[in-house]
Structure formats: C-alpha cells, structure tokens
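The next block holds one structure in the form of structure tokens; read it before the comments.
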Amino acid sequence: MRPFLLLAARDHDEVADDEYRAFCAYSGLAPDELHRVRAEAASLPEIRLEDYSGVILGGSPFTASDPVEDKGPVQIRVEAEIRALLDRIVAADFPFLGACYGVGILGTHRGAVVDRRFGEPVGAVKVRLSAVGLHDPICAGLDPAFFAFVGHKEAVRTLPPDAALLAGSDTCPVQMFRFRKNLYATQFHPELDHTGLERRIDAYRHSGYFPPHEAESVKERARGVLVTEPQKILANFVARYGS
C-alpha cells in the first residue's frame with residue numbers, strides 16, 4: 001500500500017505529536033504508512049500525489065477566513081502552499097480529508113462562505129448525518145446521530161452548489177461535506193478522544209477558545225460524553241483509498 005500523507009500546521013510540539021499518534025491509531029496506519037509534514041515548520045517539500053494513497057489535513061490554531069492583514073507571515077505562507085497543493089488535489093479529485101482547519105481551507109478554495117457565524121466552543125456536540133451522509137462510504141457504520149469533539153472559531157455558513165452536505169449539528173449546520181467524489185472535510189475532529197482533547201485544552205487555554213480560568217470545567221463537561229463514532233471516519237477513509 002502506498003502511504004498516506006498527513007499535513008500538520010500545529011504550533012505546539014506536544015499537540016502535534018499527539019495528533020499524529022491519534023491519526024495513526026484510529027486510521028489503523030503504522031507510522032511508516034502515514035508520512036507527516038509539519039507545514040508551519042518549513043516550506044512544503046515537493047509532494048508527488050502519485051506517491052500517496054490520500055492526503056489528510058489536520059487541525060491548526062490558524063483561522064483561514066481571517067483578513068490577510070490579521071495573519072502572520074507563517075500563516076500566510078502555509079495557506080498559500082496548501083492552496084497550491086489543493087489546486088492539484090481538486091483537479092485530480094485526489095482522496096483528501098480535512099479535519100477542522102481543513103473545512104476552512106477546502107471550503108474557501110471551493111468558494112464556500114466561511115466566517116465566524118457558526119463557531120463552536122470546545123466540547124462535544126451531537127452531529128447528525130444527512131440523507132446523503134447516511135449512504136456515503138466514508139460514513140459507513142456510523143450511528144445516524146453521534147457525539148463529536150469540536151472547538152473552532154470559523155465554520156462554513158454556505159456551501160457552494162457543487163458540494164454535498166454529509167452532516168450537521170444544531171449549532172453548526174455544516175459539520176461534514178464532500179466535493180466531487182473524493183474530497184472530504186469535517187468541522188469536528190475525527191481523531192480526537194478525551195485524552196487528546198484535554199491536552200489541547202491545556203495547550204491552547206490562552207488562544208481565545210474559552211476563558212483560561214474555565215479550562216478545568218471544559219474538561220469536566222467533555223468527560224461526561226461518550227465520543228467513539230467519529231474515529232470510524234478515519235478507518236473508512238483508509239479502507240476506501242488505501243492501495
């Protein structure tokens with residue numbers, strides 16, 4: 001099997017490493033089957049899509065829909081390089097799965113309206129599959145309604161007409177969508193479990209997702225919710241496109 005590629009844009013080493021371990025664990029991929037490139041650390045190397053089975057874009061503290069003047073030089077470089085790669089991915093309808101940050105990147109690339117109207121606080125939300133999502137192979141085996149971990153400042157407000165809505169929630173209408181046959185994005189984090197969420201709460205407690213003094217209560221609320229379904233998406237993605 002050709003390996004998969006994980007593009008990461010984390011500014012915190014412990015979170016980046018934990019994210020990588022989670023993607024490996026829940027996708028069923030061994031470390032040599034999931035190559036990681038940390039886009040924030042240096043310019044992207046030459047990436048030959050034919051060397052990979054698919055591309056996964058992890059989360060990031062960056063907010064894609066922010067005005068350019070509010071973005072730092074690293075974010076501007078990272079987004080320009082990822083969008084250039086997306087040009088090739090979209091043209092080839094190459095297997096792609098964007099998690100959280102991937103919604104903003106893929107959404108803006110395809111002309112969606114992405115802004116802060118449907119941002120969600122850190123925690124668990126109930127996600128419901130759409131009629132299309134119930135029959136999409138990436139959602140195979142998922143309960144029609146399930147809890148997933150979120151925490152984002154931006155979200156898709158309006159999808160372009162060529163996108164298929166796969167899932168939504170009461171607080172964020174677009175939780176998962178598909179472009180063409182093979183391009184996917186989830187607003188929720190399919191790789192996150194309770195341990196990973198708590199590490200991110202500690203790492204980003206001063207990043208504006210919640211008042212810093214509420215970190216422990218955010219953790220406590222999350223512990224009361226069972227989150228086991230979203231991780232199936234990663235296994236389904238690998239099963240469908242691994243070759």
Side-chain angles (χ1 to χ4, degrees), residues 1-62 64 74-110 136-140 162-164 166 176-187 189-192 196 230-243:
M1 181 183 75
R2 289 174 296 167
F4 286 77
L5 173 65
L6 173 63
L7 294 176
R10 292 287 178 188
D11 60 349
H12 192 285
D13 289 342
E14 183 180 0
V15 172
D17 290 343
D18 186 71
E19 179 183 63
Y20 178 62
R21 285 191 295 268
F23 272 116
C24 285
Y26 289 117
S27 68
L29 294 170
D32 63 344
E33 296 173 323
L34 182 61
H35 294 172
R36 178 176 63 164
V37 173
R38 290 186 61 175
E40 87 292 345
S43 293
L44 291 183
E46 179 184 359
I47 294 173
R48 289 165 29 98
L49 294 180
E50 58 266 32
D51 292 338
Y52 295 99
S53 293
V55 175
I56 299 170
L57 175 62
S60 174
F62 297 151
V74 173
Q75 181 176 354
I76 290 172
R77 174 187 59 77
V78 167
E79 291 181 353
E81 292 174 351
I82 291 177
R83 285 183 176 126
L85 178 60
L86 268 180
D87 287 342
R88 294 193 284 135
I89 288 172
V90 170
D93 194 17
F94 189 78
F96 175 87
L97 175 61
C100 195
Y101 184 51
V103 162
I105 291 293
L106 182 60
T108 55
H109 187 278
R110 303 308 300 151
D136 192 280
I138 299 301
C139 301
D162 59 341
L166 301 182
M176 184 176 183
F177 61 86
R178 186 191 71 234
F179 284 109
R180 297 190 177 176
K181 291 184 177 180
N182 303 313
L183 308 172
Y184 292 87
T186 66
Q187 184 64 79
H189 285 274
E191 84 288 359
L192 260 190
Q231 295 89 344
K232 295 177 182 177
I233 291 169
L234 298 178
N236 288 341
F237 185 75
V238 168
R240 180 168 174 79
Y241 296 115
S243 60

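Computed from heavy atoms alone, side chains included, the values below leave out hydrogens, waters and symmetry copies.
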Arg38/Asp13 ion pair, N-O < 4.0 Å: yes
Cys24 versus Leu34, closest heavy-atom pair with distance: SG-CD2, 3.8 Å
His189 and Glu191: side chain donor to acceptor below 3.5 Å: yes
Ile233 vs Met176, side-chain contact (heavy atoms from CB on, under 4.5 Å): CA-CA, chis, key distance, verdict: CA-CA 11 Å; Ile233 291 169; Met176 184 176 183; 4.0 Å; yes
Side-chain donor or acceptor of Arg178 paired with backbone N/O of Arg180 under 3.5 Å: yes
Leu44 backbone acceptor or donor facing Glu81 side chain under 3.5 Å: yes
Distance in Å, Leu7 CG paired with Glu40 CD, rounded so as to fall on 0.5 Å steps: 11.0 Å
Between CG on residue Asp51 and NE2 on residue His35, distance to nearest 0.5 Å: 9.0 Å
Ring-ring centroid check Phe177 Phe179, cutoff 6.0 Å: yes
Contact summary for Gly196 and Asp18, nearest pair of heavy atoms: CA-OD2, 3.4 Å
Ser53 side chain vs Arg2 backbone, donor-acceptor pair below 3.5 Å: yes
Aromatic ring pairing Phe237/Tyr184, orientation class (parallel under 30°, perpendicular over 60°, tilted between): perpendicular
Tyr241 and Ile138, any side-chain heavy atoms less than 4.5 Å apart: yes
Side chain proximity check, Asp87 to His109, heavy atoms < 4.5 angstrom: yes
Atom pair SG (Cys100) and CD1 (Ile105), whose distance is rounded to the nearest 0.5 Å: 11.5 Å
Heavy-atom donor-acceptor pair, Ser60 side chain to Ala9 backbone, under 3.5 Å: yes
Shortest non-hydrogen contact between Gly104 and Ala64, atoms and distance: C-CB, 3.9 Å
Tyr52 side-chain N/O to Ile47 backbone N/O, donor-acceptor pair under 3.5 Å: no
Euclidean distance, Tyr101 OH relative to Gln187 CD, rounded to 0.5 Å: 13.0 Å
Whether Arg10 side chain and Asp17 backbone form a donor-acceptor pair below 3.5 Å: no
Tyr20 side chain to Pro31 backbone, donor-acceptor under 3.5 Å: yes
Phe4 CZ to Leu29 CG distance, which is reported to the nearest 0.5 Å: 6.0 Å
Whether Asn182 side chain and Pro95 backbone form a donor-acceptor pair below 3.5 Å: no
Smallest separation among heavy atoms of Ala99 and Phe23, with atom names: CB-CZ, 4.3 Å
Minimum heavy-atom distance between Ala8 and Glu19, given as atom pair plus value: CB-OE1, 4.0 Å
Atom pair CG (Leu106) and CZ (Arg83), whose distance is rounded to the nearest 0.5 Å: 10.5 Å
For the student: nearest non-hydrogen atoms of Cys139 and Asn236, plus distance: C-ND2, 3.9 Å
Residue among Leu86, Leu97, Ile82, Leu49 satisfying side-chain contact (heavy atoms from CB on, under 4.5 Å) with Val55: Leu49
